[in-house]
Amino acid sequence: MEQYEPLTPPQRAATLRSMTNGRGALARRSLLRAGALGAVATAGLTGCGIPAAGRTGSSTTSTDHSATEKVVDFSNWTEYIDVTDDGKHRPTLEAFTKRTGIKVNYTEDINDNVEFFGKIKPQLSAGQDTGRDLMVLTDWLAGRMIRLGWVQQLDSANLPHAYANLAQRFRSPDWDPGRAYSYPWQGIATCIAYNKKATGGRKVTSVSQLLDDTSLKGRVAMLSEMRDTIGMTLLDMGRRPENVTDDTFDAALARIQKAVDSQQIRKFTGNEYTDGLSKGDIAACVAWAGDLVQLRIDDPDIEYVFPDAGFLFSTDNLLIPNKARHKTNAERLIDYYYEPAIAAQVSAYINYVCPVAGVQPYLAKIDKSLADNPLIVPDAAMDAKAHEFRSLSQDEDTRYEEKFSKLIGA
Amino acid sequence: MTTTTAPLADAPPDPAPVPAALKRAARRRRSVPYLLLLAGVAWLLVFFVAPMVYQASTSVQTGSLDTGFKVTWHFATYWNALTEYWPHFVRSLVYSGIATVLCLAIGYPLAYTIAFRAGRWRNLLLILVIAPFFTSFLIRTLAWETILADQSPVVSFLNRVHLLDVTTWLGVTEGHRVMATPLAVVCGLTYNFLPFMILPLYTSLERVDGRLHEAAGDLYATPFTTFRKVTFPLSMPGVVAGTLLTFIPASGDYINAELLGSTNQKMIGNVIQSQFLRVLDYPTAAALSFILMAVILAIVTLYIRKAGTEELV
C-alpha cells in the first residue's frame with residue numbers, strides 16, 4: 001500500500017496559516033466562546049432532569065368545587081356506555097343529571113392504556129389538574145397510578161351503594177386492597193375467538209391450537225396487551241398468572257416466539273382485531289369477550305370459547321386523578337352506577353362483566369336472557385376458570401414490557 | 001453598539017454630517033429584517049430548540065419512572081440503542097428508500113402529464129392529487145387494510161395471475177396474502193407520501209419553458225434526448241425536493257408499519273413509540289430519535305452534494 005506523502009514545506013505553512021489566521025483560526029476568543037457555549041449547553045442539559053414521578057410532598061388533593069360547580073368531567077373508553085339507538089343520548093348519564101343537577105361532560109378519549117398514560121403523565125407528574133374528575137383505566141395501569149400517588153383516596157361516605165353492592169370477587173385486588181382508590185367500571189373476560197367461515201367450520205378451543213395448528217398459519221392474532229396474551233399462554237401451559245415468575249414469564253414468551261418465528265402469528269393487535277376477525281383475515285385470536293357479543297350480532301359466524309385451561313380476568317376501574325376540581329361530584333357518579341337498576345341498563349347495552357351484586361332481577365326485567373348470560377353475570381363454572389395477572393413491581397413491569405415489546409417486533 | 005463613544009482612530013473620516021433624522025431612518029431600516037425574523041425565531045426556539053435540548057438531555061439520563069431520571073452523562077445508551085435496534089434502522093431506510101423510488105417512478109410521469117399535456121384539466125388533476133389530504137392519514141391507511149384484505153378482489157386477482165407467488169419467492173409477501181407483509185408497508189408508504197413527490201415535481205416542471213422543447217426539436221434532438229438533456233436537468237430541483245419530502249418523513253413513519261405490517265416489519269418509529277409509551281425507557285427513546293436524525297441528516301447531506309442543486313441549500 002502506498003504511504004501518505006508528507007506535506008511539502010509550503011503546504012505545511014499554508015495549513016498552519018489557515019489555522020491561525022482568517023475565519024477558521026483557533027483564536028483565543030473563539031475558543032473562549034466555544035467553551036462558554038459548551039458550559040451553557042451543559043448546564044442546560046443537566047437542568048432538564050425528569051423528577052421522580054411519584055408524589056413529591058406537595059398536596060395532591062385539590063379544593064373541591066363540587067358545591068359551586070355542578071359538573072363532572074368523565075373520560076372513558078369508546079363504546080363503553082349505554083347509548084340510544086339514534087346515538088344522540090346516553091340515558092343513564094342524562095338520568096343522573098336530571099336527578100342531581102350535575103352535568104356530565106362525557107368524553108370518549110381513551111383508546112389505549114399506554115397512550116393515555118403518556119397523555120396525562122406530564123400534568124400529573126407536575127402536580128397539575130388534568131381537566132378530568134373521573135377516568136377509567138385497566139387494573140395494571142390503575143395499580144401504577146396508585147403506586148405513583150397520582151389518584152385520590154375515595155371518601156366512603158359518598159359511596160354507600162358502591163360499598164354495599166360491589167360483587168365479592170372485585171373487593172380486594174392486590175394493587176388496591178379494600179378498594180381505597182378505585183371502583184371497577186366493568187370486568188373483562190379474555191377469551192379465544194374464531195371465525196367459523198375462515199377456519200372452515202373447525203373449532204378453536206385452546207391457546208395451544210392457536211400457536212400450533214398449521215391450518216391457521218398466518219391467520220392468528222394475539223393481543224398487544226401483555227397481560228392478556230402472556231396470561232392466556234401461561235394458563236395453557238398449566239401455570240397460574242397469579243404467581244408469574246421470571247422463569248414462567250420467559251417460558252411463555254419463548255412459546256409465543258416460536259409461533260412468531262414460524263409465521264403462525266399474523267400480528268399483535270389492540271381493539272382493531274375485531275375488524276380482521278369479521279373480514280376473515282384473522283381466523284382465530286385472543287380477544288375480549290365484551291367485543292364478541294357485539295360482533296356476533298352482525299356476524300353469527302364468529303364464535304368465542306373460554307379455554308378449559310382457564311381464562312384471564314381483568315377490570316377497568318374508575319379513578320379520580322389528583323387535583324380534580326369536582327371530587328364529590330365524581331364520587332356521586334360512581335355511587336350512582338352502583339345502583340343495580342342503573343348498572344343493569346349499562347350492562348344490557350355493553351355486555352361486559354357487571355361488578356354490581358344483585359343486578360340479575362333488573363337485567364331480567366330488561367331481557368330475560370341477559371340475567372342468565374355468564375358474560376355479564378359469571379356463573380360458578382366460569383368463576384372457577386377465571387384468573388388474574390399478579391400486579392408487578394415497577395422493576396418487573398419495565399423488564400416484562402421490554403421483553404414483550406421485542407416479541408411483538410418493536 | 002458604540003454610537004455614543006468617540007470615533008475610532010482608524011475609522012474613515014465622515015464625508016459630511018448626516019442629518020439626525022436620516023440616521024434614525026437608516027437605523028430603523030437596518031432593524032426591520034430582525035423584527036421580521038422575530039416571530040420565526042421565537043417559533044424555532046419554542047418548538048424546535050427547546051424540545052431538542054430537552055430530548056438531548058433525556059438521552060443522557062438514567063433512572064426509572066418511580067425514582068425519576070437524572071443526567072448522568074450515560075452516553076452508553078446511544079451505543080446500546082444502536083446495537084440493539086440497528087436492524088430496525090436498516091429496515092426503515094430500506095423501506096423509505098424503496099417507497100421514495102416508487103414515488104418518483106409514479107409521480108414523475110404524472111407531474112409531467114399535468115404540467116405539459118393536461119391543458120384545461122390541469123387544475124382538476126392537481127385537486128385530485130391533493131384530494132386524499134382531505135381525509136386523515138390514519139383513515140387513509142386503514143382503507144388499505146380493506147383494499148389488501150386476504151379475500152379482497154385485488155388480492156384474489158393477484159393470486160389468480162400468480163403474481164403473489166413471485167413476490168413470495170422474492171420474500172416481500174408471505175403465502176397468499178399481502179397484508180402484514182413488507183409489500184403492504186411499502187405500498188402504504190408510497191401511497192401516503194406520493195403527493196409530497198408530485199407537487200414539487202409539478203412546480204419545477206411547470207416552470208420549464210415549452211419553447212426549449214421546440215428549440216431542441218429544431219436541433220434534431222429526439223424526444224428522448226430532449227427529455228434527457230433539457231427537461232430532466234431543469235426539473236432537478238423538483239426531483240431533489242420531492243425525494244427529500246418523501247424520504248425524510250417516510251423513514252420516521254410508524255403508522256404504516258403498525259397497521260399494514262407484522263412483527264417483522266416494525267420500523268424505527270415503532271421502536272421509539274414503544275420505548276417511550278410502553279417500556280417507559282425515555283433515555284433510549286430519545287437516543288434513538290437522535291440517532292435517526294443524525295442518520296437522515298448524513299444521508300441528505302450526501303445526497304444534496306451528489307445531486308448538486310445549490311438552489312436548495
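A, B, ... follow the sequence lines: proteins, then strands. Residue 1 opens every chain.
In terms of heavy-atom pairs under 4.5 Å with chain A, the best-connected choice from B:Phe276, B:Tyr282, B:Tyr85, B:Tyr254 is B:Tyr282. Most heavy-atom pairs under 4.5 Å with chain A, from the set B:Asn264, B:Thr72, B:Asp281, B:Thr146: that is B:Thr146. The greatest number of non-hydrogen atom pairs below 4.5 Å with chain B, out of A:Arg144, A:Glu115, A:Arg219, A:Met226, is found for A:Arg144. In terms of heavy-atom pairs under 4.5 angstrom with chain B, the leader among A:Asp281, A:Asp275, A:Ile265 is A:Asp281.
When all heavy atoms of B:Val279 and A:Thr398 are compared, the pair lying nearest together is O-CG2, 3.7 Å. The two atoms that bring B:Arg177 and A:Gly218 nearest to each other are NH1-O, 3.2 Å, heavy atoms only. When all heavy atoms of A:Ala410 and B:His88 are compared, the closest pair comes out as CA-NE2, 4.2 Å. Nearest heavy atom pair, residue A:Val114 against residue B:Leu277, reads CB-O, 3.6 Å.
Looking at heavy atoms from C-beta onward, A:Lys406 lies out of side-chain contact with B:Val271 at the 4.5 angstrom threshold. Side-chain atoms of B:Met179 and A:Arg266, non-hydrogen and from C-beta on, do get closer than 4.5 Å to each other. B:Asp150 places none of its side-chain heavy atoms less than 4.5 Å from the side chain of A:Lys279. Between B:Arg278 and A:Ser224, some side-chain heavy-atom pair lies under the 4.5 Å cut-off.
Using a 4.5 Å cut-off between heavy atoms, A:Tyr400 does not touch chain B at all. When heavy atoms are compared at a cutoff of 4.5 Å, A:Ser393 does not approach chain B at all. If you measure heavy-atom distances from B:Gln151 to chain A, the contacts under 4.5 Å come from both the backbone and the side chain. Both the backbone and the side chain of A:Glu402 have a heavy atom closer than 4.5 Å to some heavy atom of chain B. Proximity to chain A is absent for every atom of B:Gln265, based on heavy atoms less than 4.5 angstrom apart.
Interatomic distance, CZ of A:Phe117 versus CG of B:Leu65, reported as 5.0 Å (0.5 Å rounding). Annotation: the span from B:Leu280 atom CG to A:Asp397 atom CG amounts to 7.5 Å, rounded to 0.5 Å. Note that the CZ atom of A:Phe268 and the NZ atom of B:Lys266 stand 8.5 Å from one another [nearest 0.5 Å].
By the neighbour-count criterion of 12 heavy atoms within 6.0 Å, atom CZ of A:Arg202 is sparsely surrounded, having that number or fewer from other residues, nucleotides or ligands. Other residues, nucleotides and ligands contribute only 12 or fewer heavy atoms inside 6.0 Å of the OH atom of B:Tyr34. For A:Glu79, the CD atom is loosely surrounded, since the number of other residues' heavy atoms within 6.0 Å does not exceed 12. The neighbour count for B:Phe137 CZ, taken as heavy atoms of other residues, nucleotides or ligands under 6.0 Å away, is above 12.
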(message) Apply side-chain contact (heavy atoms from CB on, under 4.5 Å) to residues A:Gln394 and B:Ser64 and explain how you reach the verdict.
(response) CA-CA 9 Å; A:Gln394 189 247 321; B:Ser64 71; 3.2 Å; yes
